[in-house]
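Down below is the structure, laid out as structure tokens.
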Amino acid sequence: MSRGLNQTFKGIINSEYIMPALFVKASFSSELRIWSGHGEAYISGTRYDGAGELLSVGTVQENSDLGTSGLTVSLSGCDNQIVNAMRDEEFQGNELIVYLGVLSDVGGVRTVAATTTFFKGFMDNATYVQNGETITIQISVENHFARLSRTNTRLYTAKDQKNVFPNDLGLDYIESIAEQKLVWGE
């Protein structure tokens with residue numbers, strides 16, 4: 001699947017020297033924004049905290065048939081507070097976006113020159129791997145297209161609609177319309 005890159009991004013990646021970086025934005029109860037470098041980085045005024053080598057983003061398999069490939073995002077060196085907060089969090093189904101960014105160095109100051117969306121999907125589950133004193137959290141993320149292959153369990157009856165929207169009367173007359181006999185042309 002080809003992606004549309006803006007002219008700024010194309011110009012930067014065609015230059016002689018580039019400094020690529022990955023930025024991850026995950027929707028938890030408070031939004032998590034981290035990037036693959038050190039220190040702080042800003043994209044359109046939004047701060048991303050540096051995770052350096054502790055952040056790892058898996059590979060993405062692109063399918064021409066709109067297949068559903070996923071992605072794994074790992075954060076190493078987590079202490080017990082982070083792990084406990086993750087275990088208590090209801091994050092499944094929340095959005096996670098990975099941006100590919102290009103940094104520029106102007107006068108010794110690194111700034112984010114351009115970004116493009118690398119992967120966008122929904123967080124599925126988390127795996128915790130303990131190595132000595134540190135814990136690695138691996139979050140699997142499924143592509144948006146994965147939701148298209150799920151079976152819809154809604155019945156679209158008046159009763160089913162009122163379970164979701166109690167004051168909605170939109171489907172109250174469906175049964176009478178379905179049994180209606182219409183005579184065309186007399």
Side-chain angles (χ1 to χ4, degrees), residues 1-62 69-146:
M1 170 183 6
S2 63
R3 301 192 191 285
L5 299 177
N6 62 41
Q7 291 301 335
T8 305
F9 198 87
K10 284 181 185 178
I12 292 171
I13 62 173
N14 289 328
S15 63
E16 188 174 346
Y17 300 104
I18 63 169
M19 294 180 284
L22 290 173
F23 297 83
V24 176
K25 179 168 69 171
S27 298
F28 292 103
S29 55
S30 61
E31 195 169 66
L32 173 68
R33 294 181 303 273
I34 54 178
W35 74 291
S36 60
H38 300 282
E40 297 175 352
Y42 290 86
I43 299 174
S44 301
T46 303
R47 187 184 83 181
Y48 287 76
D49 295 316
E53 294 79 28
L54 301 177
L55 174 65
S56 168
V57 176
T59 60
V60 176
Q61 182 72 30
E62 296 240 344
S69 61
L71 173 77
T72 302
V73 176
S74 301
L75 187 59
S76 303
C78 301
D79 63 6
N80 286 334
Q81 281 184 316
I82 295 173
V83 172
N84 290 336
M86 279 285 297
R87 286 186 180 159
D88 294 339
E89 181 82 25
E90 292 286 336
F91 64 88
Q92 287 183 322
N94 292 356
E95 189 172 60
L96 186 137
I97 304 172
V98 178
Y99 298 102
L100 174 61
V102 181
L103 304 175
S104 65
D105 193 350
V106 179
V109 177
R110 283 191 179 165
T111 59
V112 180
T115 60
T116 188
T117 301
F118 177 69
F119 187 87
K120 191 174 189 177
F122 299 101
M123 292 183 276
D124 189 18
N125 59 21
T127 307
Y128 306 94
V129 179
Q130 186 167 4
N131 296 327
E133 295 294 317
T134 64
I135 298 174
T136 300
I137 300 173
Q138 298 173 336
I139 300 173
S140 62
V141 185
E142 63 182 19
N143 193 314
H144 285 283
F145 293 126

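Note that CZ of Phe118 and OG1 of Thr116 are 10.5 Å apart. Values are rounded to the nearest 0.5 Å. Taken from OH in Tyr48 to CD in Glu40, the straight-line distance is 13.5 Å, to the nearest 0.5 Å. Interatomic distance, Tyr99 OH to Leu22 CG, rounded to the nearest 0.5 Å: 13.0 Å. Rounding to the nearest 0.5 angstrom, the gap separating the OG atom in Ser36 from the CG atom in Leu103 is 7.5 Å. For the atom pair Ile139 CD1 and Leu75 CG, the distance stands at 8.0 Å (nearest 0.5 Å). Between the NZ atom of Lys120 and the CG atom of Leu71 there is a distance of 14.5 Å, given to the nearest 0.5 Å.
Within the 4.5 Å cutoff, the side chain of Val73 has no heavy atoms near those of the Ile137 side chain. At a threshold of 4.5 Å between non-hydrogen side-chain atoms, the residues Ile135 and Val129 do not count as touching.
Taking both residues in full, the closest heavy atoms of Phe28 and Met123 are given as CZ-SD, 3.7 Å, listed atom of the first, atom of the second, then distance. Nearest approach of Met86 to Ala126, heavy atoms of both residues: CE-CB, 4.0 Å. The heavy-atom pair separating Thr136 from Ser74 by the smallest distance is CG2-CB, 4.3 Å. Smallest separation of non-hydrogen atoms from Ala41 and Val112: CB-CG2, 4.1 Å. Looking at every heavy atom in both residues, Val141 comes nearest to Gly121 through CG1-C, 3.8 Å.
Annotation: salt bridge (charged side-chain N to carboxylate O under 4.0 Å, His left out) contacts involving residues 27-39, sequence neighbours excluded, comprise Glu31-Arg33.
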Working for side-chain contact (heavy atoms from CB on, under 4.5 Å), residues Val24 and Leu96: CA-CA 7 Å; Val24 176; Leu96 186 137; 4.2 Å; yes
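The backbone N or O of Ser140 sits nowhere less than 3.5 Å from a side-chain atom of Asp124 that would complete a donor-acceptor pair.
Residues forming a salt bridge (charged side-chain N to carboxylate O under 4.0 Å, His left out) with Arg87 (at least two apart in sequence, or on another chain): none.
Trp35 and Phe23 have parallel rings, their planes meeting at less than 30° on a 0 to 90° scale where 60° marks the start of perpendicular.
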